[in-house]
Every structure is written in structure tokens, then in C-alpha cells.
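A short write-up of the structure that comes next.
Every chain is numbered from 1, with letters handed out A, B, ... down the list of sequences. Atoms considered below: every heavy atom in the structure, side chains included; atoms not considered: hydrogens, waters and symmetry mates.
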Amino acid sequence: MSEVPTKRLNLEDTRYLSPPLVGEPLYQCAKAVVVTGFVVGATLDVQVNGATVLSGVPGGFPQPSGALLALPTPLIAGDVVRARQQANGVTSGWSPVVTVRDHTQDYPDGPPRPQIDPAPVYQCGSRTGVNNLLTGCDVWITADTVEVGKVKGAAPHQGVNVTPDYGLGQVVRAWAQLCRDRSPPSVAYTTVPPPTPLPAPSIDPAYEGTQQIRITQLVNGARFELSLNGVSLGIWRTWGVAHLVGLPAPLLAGDMLSVVQRMCPRDPPSPPGDGTVLPCSALPAPQVAPIQCGDTSVRVTWVASGATVKVYRNHVKAGEGGGPVVLLNHAVEHDDVIHVVQTLGTCVSAFAQELTCLCVSPHVTYDPSGLDLFPVGFADYDGGTTSIGGQTLHIRGNVYYPAEDDGANTPFNKRRRKGGPVPIIFMAHGNHSPADPSYLGYDYFQHALAKMGFVAVSVDCNELNGWTSGPGNITDRADIINATIAHFQTLNSGGPIFKGALDFSHVGLMGHSRGGEAVVIVPIRASLPAGVTVLAVLSLAPTDWGATSGPPRDYEFLTLLPAADGDVWSNDGAKYYDRCVPPSFKSQLYVHNACHNFFNRQWLSNDNGGFLPTMARHDHERVLVTYGCAFFRRVLAGHGTVGFLVGTELPPATPTSLVHLAFKWTKAKTVDDHEQANTIAKNSLNEPTSQTGLTADEYGMSQTAPNPYNGSFYGDSVGMVAVPGRRAGTFRSQLKPKTKVAGREVWVRVADVFDGSFPTVPTGFQLGLELLDGSVRWVDSDEVGGVSLPFDYGSQTKSMLSTLRFPVRCFGLSRRESAVRAIRLRLNRKEARALAFDDLQIV
Amino acid sequence: MTVHNDGSGPEQPRDDRPLTLPGLKSAVARRVRYEKPRRFFAHGKERAESEAIEIDVETDAEFPVAGMGPALIVGNLPITDSTRVGERRYRFFAPSSAPIEKRAMVTLGRAGTGVPKPETRGTVRLEWSEE
């Protein structure tokens, strides 16, 4: 992606106007819909079941969250809704239809829990933002249980004006209802005094021609007054942080804007925040997300306030809208050149974003840890003592669970219990100073799981912490986890909170460090109570003390390996991943810049001593909570979150560029995993292989293998290392005759082999599909995410394999070319290095 | 004024293993018999033995309390079962059948992560007591 001068491009405008989008999902009883993506000033039509119910409605501004359009009658399940826009004499096509559902299909326990967002809430606040709403629901605010504001037919993130303004020390909550089905209340916030003095608001750069400006540094609940050239334009209420204001007329270059904000009448207003409208020539290019070939839209990540986005495909306009998603008139194909500009009236940005699509460029979608359905209760538990390994150990820790309301020992959520017993996840910390309550360190993960309906237990293993080491210390940890499971079976039989609430046929485990090794063996210990089925094991930075025996099996497996781990420096979880034989899938996250300790909030020091690049503690937690929730949701609740582990979608606000995924479906067709003792000359299909221009052979990819390529491999697999020759070399792996590949993907694990000197630029390769006529279609590894550089760990730098996915759609095969006879790997880089390959599969 | 040459020295070599191990001062072994058999593990399999070898070591500092832990490498044999018995004193446990040479060279490494390798200088030889 690069910015290029717009003038040079000779972009051809057409009268094409992109269809807008109807916000999804829509549910029965919704009294409003949200339409996004239209251009500023467009009028909107909405149809329900083909009948126009809204016609020529002014849309206003597409930013920040589209237009909320009240419907004449509430929606009914099965209704199909679509919208279109009209602007400048052009009418767009209709949007994709959205089919209305019954919300109890997706939310059997009632509408999700409203979130007061942003928080905190201040004395004298006049407006509150409420998030996590179902479109078209009713939302209201109470202060000390008295309703002070309500909106019928709300947007997903709705502002609610409150009257009177909040007093000091009031308890503020938000509530929502759809189809007379009431959500749980939001978290309760007690109002606090507003900041003193109030900060001066700030105005984002505004450009000539705009009719909308963005004001920031606003206090939650403030009123602000906006002036243009010294003349007041009015007073607005705001939920704070940032506020977009529509103006009656386009601004001119040099216009002076000024904003002050106020909270309590007795307190002085803020200093003014000022801004001068910039000329058209200063309007920059918009920012857009990378495009994946086949996309039918462009995602805008930043646009000037009030701007319209225009997208050109091979210099001809293919989309025009207000963002953040601009639909195109044609799917983007390989080699298409895309230009994106923004306009304000007649002003066009001087620069355009120029980009081409990548074969694999997953989109940021939603936060798999963000599902917020229930208040969260928590409790300490004490199951007495038990004898383990000749020691008397306490069964104790804490538990987070979906509750009637937030707080300690609150009752279990009645609706959740009525829906049947819930999956339960047990967590175990690792070795650390016994003086620190390590089991409290995963409260953020427990809370995230509880608010989406799981029960999350953290086991206090402190009596096993300290200077005692050995495999027995691991089996003892496994046994205390199992004793805890047995204790919760007792609580499920007759406990005050959990009676009948827990589903021991859907158990998940998460262990960290020595706990990460313990959870691998929990299911095979004799101490596992009867009636317990462990379905999911998350092994975080696990040790290997030798307590495991044979491959982990019979559960889905995720391991997280911190590349900058200064404690378990050898990332032993890679061995468990390689050995694991799961029912359905296994997943590995090799996380650059992650250390060992920062996943636990009680472990304060950076174990690598700061000698390795280390991301912030918050980023460690984001990685664990987003990918961990995706894992447990998929396995324990059947949610569609496996794409985050496969890599087809990305979570927001997470350092995904540092997360290198390996993933394997058990039932995928394996072309070569090199585990058969049939030499490099044959693959796992027992078909022949051949090599030209390179030297490839099979090696043990572990620290203990008798035939390692070198000492940089830390897993437990046999794989192939291909060493390039002077020119491009190729490795060919033959398939069964006429292997069909249409609609599938070719996956291969690959690593840049570390040879003792740290490379400065990434290397790569090409993967080719050999057609029945002998011709080969190639796709470069850079087109599918690229081969990552090793993480620089000095002399202990590792060759850690990650999975690259090559969708067959990227090879440009025609329908007649749906069968192939071989897969080729070509090492074609100028400064090629040895590459390690494993698990070549057709998925 | 712009300084064109700040005279910076070379960056310090990266410390590959920040959790440093203490130095080894002495290692004394003895054969013991337990009334209650002790657990030993090999390849993930547990077995109980009544006779064992205990090796008491003295170090010049404490081991860090972490996921990894101490390994005592006697000759080429890593021993990873251990507990702290006093200030800078640790006891390692090996099954009686462990091939431990009388005056083997003894070093410290780290266990629980990777393959234990000697990380201290091998100047200490194993001694035996007759307890």
C-alpha cells in the first residue's frame, strides 16, 4: 500500500454509487434499523419484504455510526430488510438483504447486557452512552433506581440524554428490552465529581468543504458550545471522548472554530479549544485496510470528518460511499490496482491510497472475548484438604460465574441455569513465590469467560510452589486440579450457588507454566473424577518436566508459546503441539515479544529481564483473552470462533502481527507430514517426490532427535528442510491421480531456518499446483502472509513453524483445471535461505 | 549544534538466559532407604522406590523460583527431582539404579525447559558420605 498523487492517476468517474449497508443482526420487535455506508447528504429508502416503508429519508452523516431510522412498525422474524441511497441524482442499488431473526435464537438467555460506555459517569453529566445493544431495542437509564432517560428504538451504541443531570454519588445503570424481554442491568457506576479543571476540547483537523467536524477531549456527560468565527452554533450534550457535529453549511478555509465544555453550573467552563479550517490542498488520503482478493468491499480505517470515499478499480470508479465499508461493483481480482481517495464537496484528496489485493489478508472482525451477556459473580471456595503425593493440600481458589448481579457470592444467573448446565473451565497457575497469590492472576480471563456464560475456576496451587521441583510436582498439580473438579461436582450436587448449574461433560482446562504441563496430563490421571469429560486444553507457556507420557489426545488443544520467554525459554509447548492427536483440531500461537510472566497479573517482573523486546502487559492479556475465548467458545459452546485460530479473521485491539499461528485439522488430507519411514523420496500418500536445484531431506525437528538439521528446532516432529542451490530450486510432491482441489486450500507449516546468523530481511518461497497437462500455477508466500523472520533470541533463536494457507482460488484455475497431479515448492529468493516444511495438507 | 559522532560503544551482547543460575560449591551423595517409597519418573511413567540416592548441594546463591528449576548434572546424567533444604542448600533425588560415578564431575543446569545442559563450570566433583 502506498500513497500516490491523485492528479497523476487520471481516475475516471462514473455515476456509480455504492449501495449502503443495513446493520446486522436485526431481530423481531426492533423499532429501528441502522443504515451505514451512504454518502453525506444522501436520502435513504428502506424496504421490508419488498415494500418501501421509508422513502427519501435524509440520512445525514454516515459517521460515526450511520443513520438510525425509526420504522413505522416493529420488525417480525423472517422479514427481509434492505436499503438504498440517492445522492447527486444517482440512485444506488439495493443493499444486501438482512433477514430478521428472533433474538432468542442467538440470545436464549435474553438480550445481552448493556454497557455504560464510556465510563465513569460524572456528577452533572447530561448524557450517557450505552453499548452492546440489539438494534431497535428500548434502552433506559436509572439513577438511584429512578428512570432519568430513555430511547425507544436504539442504535447498537446509543446516547441517552438524562434529566435531571446526575447528582453526586448516584448509582447509574443502563437497562434494555426487546420484545418485552429484559436484559440484565449494566454494571452499576457511582457518579463521581467531574475532572477539575475541565480540559480544553480539541478539534480534529477540519478541511475546506466539510459539513462535519470531530471534537475530542470531551468529558463524559458534558455540554459543549461550538462557535464558528465567533458566532455560537449551539450547545450539544455528549457522552464524551469524541463527538461529531454536523454543520448547517460547508466550512471555508480559514474559518475559525472554538469549543468550550461545561459540567456543573457552579464550576467554570473549560478553556476553549480552537481550530482553523484547512484548505483543500491539505486533505490527506484516507486510510484503508488491506484487501483480500475476492473482496467485494473496501474497509476504510480513517477518513476526514464529513468526507465521502471513492474507490477506483483499474482507474475506473467502482465504489462511492461514506464508509467504513464501501461496497464495490465487482470483486477485486488479482492484479487489480485499487485507488482510494476522499472528497469533501468539490475537494479531492491530493493523494490516493494505492493497493493491490493479497491472496490471504484476513480482516479484523469482532472481539471473541467481547461477548457480554451476564453480570459476573465471584466467590472463594474451600474444599478442605486432600492427600496428594504424600502431602496434605488445601482445595481452594476462586470462581467467576454468570450471576444475577455483579459481586461476591451473588446468586447464579437464573435464566442461564434454566437453559441447562454450563461448561466449566479450570485454570492452574505455575511456580512462583508462594508469598504471591498466583491464582488471582487470571481474573481478567475468568471474568471474560463468566460474562459470556462459562464458569471459570482458578485453582490455588501455592502449596506446591517454591523450590520443590521434578515431575512429581507436575503430577501433584494435576491431582489438585482433579480434586478441585471433584469439589465442584459436590457443589453442583448441593452447593448454594452452583446446584445443578455445572456441565461436567463440557470441561475446559487452562494451565500456565508448570500448570500448563499439568493440564496436559489431567485427563489421564487416575485422580480424574468419574463423569468428567475434558474437551479443551489450553497450555500456556508450559514446562516439560517429563510428567507427560505419549501424545496428548482426546481433547482439542491450544498452546501459546511466548517467544521472549525468559523462564521456559525453550517453548516446550511446541512439543505438545507436535505430539497432540486431537479429535478435531490443534492450534499453536507463537507470540513474538511475549514473555512468560505477563499473562498473570500477580507475576510482576519481566522474566526476560528486558533483554528481549517485550510487549506491554495489556497486550499479553489481550492475546490470551481473545484467542483463549475463541478456543473455549468454539470447543465448549460450539460458537463460530475457530477462524481466529485458523487465521481467517483477526480480533481487534490485539497485536495480531506478533501472533504466528500453526493449526491443523485432524481430518484434513495430509500430503506429507514426513512421519512415515519412507524417506524423502516418498510422501505420506506413498507417492514419489523429486527435487531439482535444491537439497531437501527429512530431519528430526526437536532437541533430542538423532538426525537434526541443526539445533534450532524445539518441537517434536519430523519435517523437511530444503536448502536452496544457486538458482531457484523445486521440490515436487506427487498427489493421487486427478486430485480435486477446487474450493480448497493447500496448507503447509514453514519456518525460516535459523543458522546462527540473524537474517535482516524475510525470505520466502512459491507454492505451485501442477495441472494434469504439466503446467504449474504459482502463488508466492508473500501473497498469503509471508514467512516470518525468526524471533531474535540470540543463540537460542528458534526455527518455529507457522502455517501458511494457500487458497486454491488464488491460483487462477479454470473450472476445467480443478484437478491437479502434484504440489511444488520453489525456493526462488535471491538471497534464499534454508526453509523447514511440515504438514503439507489439502484442506 | 548537531553531534555527528556520539561515540557510542557497542551494544552489550544479549543475555540469552536472564534467570541466572547460582554457582555450585559442593555436592555430597549418599545412599538412603525410605520407609515410605519415593516417586520417580521416567518418560512420564511413575514408579515408587524404597532405595534412592540423595545428593545435597551447596550453592553460592538461591535458584530462582520459576517454571524452570534446577538440574544437577552428574557426569552426563541430569537429575531434576529436588527440593530446598536450607539456605542455598538443595537436595536432589535419584533412583538407586541411577548410573552415578563415584567421583563424577558435577554441574548445574536448568530443568523443566529444554534438555538440561551444564551451565556452571565443572570444577566440583561428587563426594560421598556414609550416612
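Here Tyr90(B) and Phe63(B) bring their ring centres to under 6.0 angstrom of each other. Aromatic ring centres of His512(A) and Trp603(A): separated by under 6.0 Å.
If you measure heavy-atom distances from Ser702(A) to chain B, you find no contacts under 4.5 Å at all. Contact of Ser513(A) with chain B is made through the side chain alone, with heavy-atom distances under 4.5 Å. Only the backbone of Ser433(A) comes within less than 4.5 Å of a heavy atom of chain B; no side-chain atom from C-beta onward does. Contact of Asp572(A) with chain B is made through the side chain alone, with heavy-atom distances under 4.5 Å. Within the 4.5 angstrom heavy-atom criterion, no atom of Phe92(B) approaches chain A.
Heavy-atom pairs under 4.5 Å with chain A peak, among Gly44(B), Gly69(B), Gly112(B), at Gly112(B). Options Ala111(B), Pro116(B), Ala71(B) differ in how many heavy-atom pairs under 4.5 Å they form with chain A, and the most are formed by Ala111(B). Taking Ile521(A), Thr548(A), Asn431(A) one by one and counting their heavy-atom pairs under 4.5 Å with chain B, the maximum is reached by Asn431(A). In terms of heavy-atom pairs under 4.5 Å with chain B, the best-connected choice from Gly466(A), Gly430(A), Gly515(A) is Gly466(A). Counting heavy-atom pairs closer than 4.5 Å to chain B, the top residue among Ser570(A), Ser469(A), Ala547(A) is Ser469(A).
Screening Lys25(B), Arg30(B), Arg88(B) for a salt bridge (charged side-chain N to carboxylate O under 4.0 Å, His left out) involving Asp56(B) leaves a single residue, Arg30(B).
Looking at Asp567(A) and Arg110(B), no side-chain N of the basic residue comes within less than 4.0 Å of a carboxylate O on the acidic one, giving no salt bridge. In this structure, Glu49(B) pairs ionically with Arg47(B), as a charged nitrogen and a carboxylate oxygen lie closer than 4.0 Å. With respect to Arg31(B) and Glu54(B), no salt bridge is recorded, no charged nitrogen being found less than 4.0 Å from a carboxylate O.
The aromatic rings of Tyr590(A) and His592(A) sit perpendicular to each other, their planes meeting at more than 60°, with 30° as the lower class boundary.
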